[in-house]
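This report refers to the structure that appears directly beneath it.
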Protein chains: 2
Amino acid sequence: MGKKVTIRDIARMAGVSVTTVSQVLNGKGKRFSKTTREKIMKLRDQYQYVPDFHARSLIMKGSINTIGVLVPNVSESFFGTFVEGVQQVARQEKLIPLIFSANREPKLEQEYLEQMVERSIDGLIIASARMTTEMINQALSNRDIPYILFDRNYDQQGARVLTDDYHGGQLAAQHLLALGHTKMLFLGVKNITENFKQRMAGFQETINAQEINFDEDHNLLKADLSKDGGYQMARPVIESGATAVFTANDEVAIGLMRGLREQGVRVPEDISVIGYDDIILDEYVYPQLTTIHQPIFKLGVGATEILLNKINHPDAEPEQVEHFPVKLIARQSTGKCQQN
Amino acid sequence: MGKKVTIRDIARMAGVSVTTVSQVLNGKGKRFSKTTREKIMKLRDQYQYVPDFHARSLIMKGSINTIGVLVPNVSESFFGTFVEGVQQVARQEKLIPLIFSANREPKLEQEYLEQMVERSIDGLIIASARMTTEMINQALSNRDIPYILFDRNYDQQGARVLTDDYHGGQLAAQHLLALGHTKMLFLGVKNITENFKQRMAGFQETINAQEINFDEDHNLLKADLSKDGGYQMARPVIESGATAVFTANDEVAIGLMRGLREQGVRVPEDISVIGYDDIILDEYVYPQLTTIHQPIFKLGVGATEILLNKINHPDAEPEQVEHFPVKLIARQSTGKCQQN
DNA sequence: ATGAAAGCGCTAACAG
DNA sequence: CTGTTAGCGCTTTCAT
């Protein structure tokens with residue numbers, strides 16, 4: 001209980017110098033007598049000495065590893081799972097992951113980023129669709145802190161993990177097409193970012209290739225990127241007369257399904273719904289959600305591995321990009337088109 | 001791009017001393033000439049100088065505020081929402097919350113706790129049912145870092161936020177009783193902790209008071225505290241012949257409902273299900289989940305406020321405990337007992 | 001086998 | 001108005 005015990009206290013009590021204590025405690029004390037070593041160890045245990053992290057990192061720079069993880073919202077299943085992937089690698093590699101959940105607020109994101117810079121973080125995983133590379137570099141004060149991007153714009157530079165969103169969109173379209181749907185909707189998001197654009201492009205082009213009309217004026221609706229966002233769009237979706245809808249992500253899909261149910265619209269009998277991501281929840285909602293699977297956990301693992309690589313080989317090849325596969329998971333929220 | 005710019009660099013370039021720069025940059029530079037001030041500011045912007053956090057906190061001790069938040073699992077909606085509550089206060093108060101998600105692994109919890117100590121964190125919010133006060137004090141090296149407990153054992157010491165779990169159990173029982181149920185089950189957890197014990201006690205005693213038998217041998221089943229845990233218990237629940245089940249929390253309830261559905265058992269017609277917590281998901285599952293509401297977000301807010309209080313008045317009254325109300329939210333997963 | 005001294009980047013008396 | 005000095009807690013040459 002009480003004030004902090006410093007290395008100096010230990011040294012004084014042991015009747016040796018701080019150097020000795022430091023060396024012994026860091027396992028570099030082979031050259032000291034056994035007696036001294038044991039005395040120091042005992043004192044440490046007795047007073048529960050813990051080295052001060054700040055003092056330490058002030059000197060040792062990069063040798064202590066902390067990585068920052070900036071996500072829009074930890075409480076979304078998608079990012080929660082992603083973070084778990086990060087943690088797994090972090091743990092193996094003895095890295096401490098600092099998690100910051102910025103609630104999709106650009107100002108907060110900025111603040112947190114700056115915080116991390118001040119804390120001389122060793123690397124950064126940024127999952128934010130909002131920030132541009134410029135904003136990031138700005139917040140990073142143009143320091144060369146390695147970072148990797150996730151779930152965001154393609155056209156940006158920087159190492160990153162990617163999944164083939166375009167292909168995901170294709171898969172969704174093919175699935176719906178195979179079920180006989182012709183009136184399809186893409187329930188996108190208001191602040192569209194490249195990943196969603198790609199999903200829609202894949203979806204749209206696949207459909208158009210079948211001589212079925214799909215254009216942004218009639219077949220695109222926009223929701224907030226959340227369960228509630230999807231929920232709010234139930235009525236517009238119904239009014240559109242579509243028999244199938246492909247949503248920006250699973251959260252939106254789940255919200256939409258709730259809205260449809262409350263409006264007396266059956267899924268998939270009246271309207272088929274297909275989501276994106278394959279979050280855990282998908283199997284627990286009713287009907288179980290058909291979706292495009294992304295290996296979320298692995299994305300977290302992959303992102304961390306690439307980051308580590310960048311940290312350890314700062315001068316390595318230009319940009320590293322890892323691609324992860326997506327696939328269709330057909331469940332019960334999609335079915336044959338009943339209409340016509 | 002590149003190496004770190006220190007206060008010394010700025011001083012040299014401005015042709016002044018480090019003191020001057022430090023003072024000016026910290027807004028304590030009223031006494032310096034406007035010219036000097038502007039020169040320094042300009043240099044700072046130009047070289048994007050950011051003070052080193054470690055060097056800073058080495059000197060300034062407590063005046064920079066960082067709080068640690070240890071939760072079992074950020075990706076569970078419950079803790080996600082809780083953390084959001086913490087963040088809200090943190091932001092107002094200019095605190096940086098460091099979030100650690102320990103995955104319910106005691107060893108990891110321990111590790112993270114130690115990490116926080118090293119980082120001379122100013123305070124701690126611990127949501128872990130597993131750790132005892134002793135373990136915590138141990139990990140904290142008996143330092144007097146203020147911490148507050150959440151979602152855990154009652155009999156422990158320490159400031160904390162509490163909700164009336166016993167009353168929650170009572171409410172659940174009353175609700176089910178009013179619906180005419182007589183064969184009720186409590187779907188508890190394997191590693192039972194005080195909060196769950198209380199919920200069950202309130203439930204059990206309310207039922208027993210009605211001359212209805214409820215005892216641990218026949219009316220208690222144990223699941224893992226997760227969706228999957230509830231899911232796994234569907235068959236045992238069915239085989240028990242109960243017409244209503246009260247689950248340890250909503251995650252378990254949602255898993256159970258999925259399991260029941262897959263077994264062809266209807267909720268609430270065949271079996272009523274009532275959960276605990278009132279997580280966001282409850283309104284999105286089908287049927288919508290009846291539950292005991294806890295003000296999760298407010299719990300996060302409250303926990304942080306108490307912690308802050310403790311940090312700022314270390315010598316204040318012994319222990320501060322804040323109680324938050326619980327209430328029944330009747331939705332569609334519970335209904336009149338059809339059997340009899 | 002051990003310690004003195006320097007210094008990481010910064011702030012804060014205390015002198016001018 | 002500005003600079004000197006000391007020192008936070010620690011690691012690390014380099015002597016002894």
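Below, chains carry the letters A, B, ... as their sequence lines are ordered, and counting in each starts from 1. What you see below is based on every heavy atom in this structure, not just the backbone, and it leaves out hydrogens, waters and symmetry mates. Predicted model only: the values in this text are computed from it and were never measured.
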Discussion item. Is it the case that the side chains of B/Ser33 and B/Thr36 hold a donor-acceptor pair, with the cut-off being a distance below 3.5 Å and no angle test?
Written reply: yes
Practice prompt. Verify the ring-centre separation between A/Phe150 and A/Phe82: is it less than 6.0 angstrom?
Written response: yes
Worksheet item: Taking atom P of C/dC10 as reference, at what distance in whole Å does atom CZ of B/Arg12 sit?
Response: 12 Å
Item to complete: Whole angstrom is fine here: how far is it from CZ in B/Phe32 over to C1' in D/dT2?
Response: 6 Å
Worksheet item: Atom CZ of B/Phe53 and atom C1' of D/dC8: how far apart are they, to the nearest Å?
Response: 14 Å
Discussion item. If the condition is salt bridge (charged side-chain N to carboxylate O under 4.0 Å, His left out), which residues does B/Glu105 pass it with, not counting sequence neighbours?
Written reply: A/Arg91
Item to complete: Report yes if a side-chain nitrogen or oxygen of A/Thr20 is closer than 4.0 Å to either non-bridging phosphate oxygen (OP1 or OP2) of C/dA1; otherwise report no.
Response: no
Fill in: Side-chain donor-acceptor contact under 3.5 Å, B/Ser22 with B/Thr19
no
Practice prompt. Going 5' to 3' through nucleotides 10-16 of chain D, assign each nucleotide B (protein heavy atom under 4.0 Å from a base atom), S (under 4.0 Å only from sugar-phosphate atoms) or - (no protein heavy atom that close).
Written response: BBBB---
Worksheet item: A/Leu58 has an atom CG; how far is it from atom P of C/dA6, in whole Å?
Response: 18 Å
Item to complete: Let me know the distance between NE2 of B/His54 and P of D/dG9, rounded to the nearest Å.
Response: 16 Å
Worksheet item: Looking only at atom types and distance, does a side-chain atom of B/Thr163 sit under 3.5 Å from a main-chain N or O of B/Gln294, one as donor and one as acceptor?
Response: no
Fill in: Ion pair A/Glu76/A/Arg104, N-O distance below 4.0 Å
yes
